[in-house]
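Remarks on the structure that follows.
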Amino acid sequence: MSILTVDQERCINCGICAEVCPAGIIRMRRNQPEVLLEKACMACGHCIAVCPRDAIDNVKTPVINQIPLEGIPKLDAATAARFLRSRRSIRCYRTESVPREKLNQLLDIARFAPSGSNAQGVSYIIIENREILKKIITVTVDWLEEQISLGLDWTKPYAGVAKIYRRTGRDVILRDAPHLIVATASNNTFGRTNALLALAYAELFAPTIGLGTCWSGFVEMCAFANYSPLIHLLQVPEDKHVTGAIMAGYPKYSYRRLVDRNPLEINWI
């Protein structure tokens with residue numbers, strides 16, 4: 001049995017499903033779409049999402065699980081621009097923890113981010129234990145100091161970061177965020193890129209549910225260096241590696257303006 005089911009009464013043989021198929025495995029044969037190589041189907045759902053007559057179903061992306069777009073208002077350009085520009089990196093958080101159901105809501109939207117060959121494959125570790133968060137801060141500073149001691153050029157701007165922590169105990173790594181969200185993936189080509197896109201979705205969605213986020217660059221660098229004390233604290237499964245990290249919590253302050261950026265630069269060829 002084919003993974004593709006076609007309603008002959010609805011199908012108008014327009015061939016759009018075949019044209020948009022990323023894997024190029026749908027062809028029009030005998031006046032209806034057919035799948036040539038089912039194993040190559042990426043389960044992206046393009047075929048059922050684009051069909052103008054709702055004539056196609058796909059076992060890998062059943063129509064019954066999909067949401068029709070009809071009736072859902074689209075953002076106008078101005079609203080979308082304001083929404084995207086309003087995103088801020090939050091480095092000051094309120095002390096209270098975020099309920100798990102809200103963090104689940106945050107990451108549930110992240111799974112809809114694009115991924116290479118629709119591989120998806122991003123999973124998450126959420127650290128909410130305050131003692132473990134403190135240990136993560138300490139071992140990350142330990143690692144940073146080791147890098148600074150090597151005299152590496154990239155570490156020079158961050159020498160003060162380690163000194164502030166040692167002298168004052170101020171959290172310059174996680175900014176007192178009550179949660180650290182760590183993205184992980186199996187060792188595949190798209191792991192890091194997929195995580196970046198997924199976490200970017202989470203960052204954009206966060207303000208709509210009252211949350212703030214910020215990329216945890218120091219934790220990322222430490223994890224990418226496979227620093228064993230940090231990897232141990234994060235309890236990363238052996239078959240996965242860290243591909244990204246963001247802090248999350250309730251913002252302590254509200255921002256009142258859309259900040260400008262450098263002028264757009266384009267080279268037309």
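Asp171 places a side-chain heavy atom less than 4.5 Å from the side chain of Leu174. At least one side-chain heavy atom of Tyr124 sits less than 4.5 Å from a side-chain heavy atom of Leu199. Using a 4.5 Å heavy-atom threshold, the side chains of Arg170 and Tyr165 count as separate.
Glu34 contributes no side-chain N or O that, together with a main-chain N or O of Arg27, makes up a donor-acceptor pair within less than 3.5 Å. Checked by atom type and distance alone, the side chain of Lys102 pairs as donor or acceptor with a backbone atom of Ile209 at under 3.5 Å. Between the side chain of Asn118 and the main chain of Ala43, a donor-acceptor pair closer than 3.5 Å is present. Put simply, the side chain of Arg192 gets close to the backbone of Thr243: a donor and an acceptor are under 3.5 Å apart. A donor-acceptor pair is defined here as one N or O able to donate and one able to accept, closer than 3.5 Å; such a pair exists between the side chain of Asn194 and the backbone of Gly116.
A chain of hydrophobic side-chain contacts below 4.5 Å, direct or via other Ile, Leu, Val, Met, Phe, Trp or Tyr residues, connects Val242 to Ile132.
Other residues, nucleotides and ligands contribute over 12 non-hydrogen atoms within 6.0 Å of the NZ atom of Lys60. The neighbour count for Glu96 CD, taken as heavy atoms of other residues, nucleotides or ligands under 6.0 Å away, is above 12. Other residues, nucleotides and ligands place more than 12 heavy atoms under 6.0 Å from the CD1 atom of Ile266.
There is no side-chain donor-acceptor pair under 3.5 Å between Thr95 and Tyr250. When only modelled atom types and interatomic distance are considered, Gln147 and Tyr158 share no side-chain donor-acceptor pair under 3.5 Å.
With salt bridges taken as basic N to acidic carboxylate O contacts below 4.0 Å, one links Arg166 and Asp142. Glu203 and Arg87 are joined by a salt bridge, as a carboxylate oxygen and a charged side-chain nitrogen come within less than 4.0 angstrom of each other. Here Arg100 pairs with Glu128 in a salt bridge; the nearest charged N to carboxylate O distance falls below 4.0 Å.
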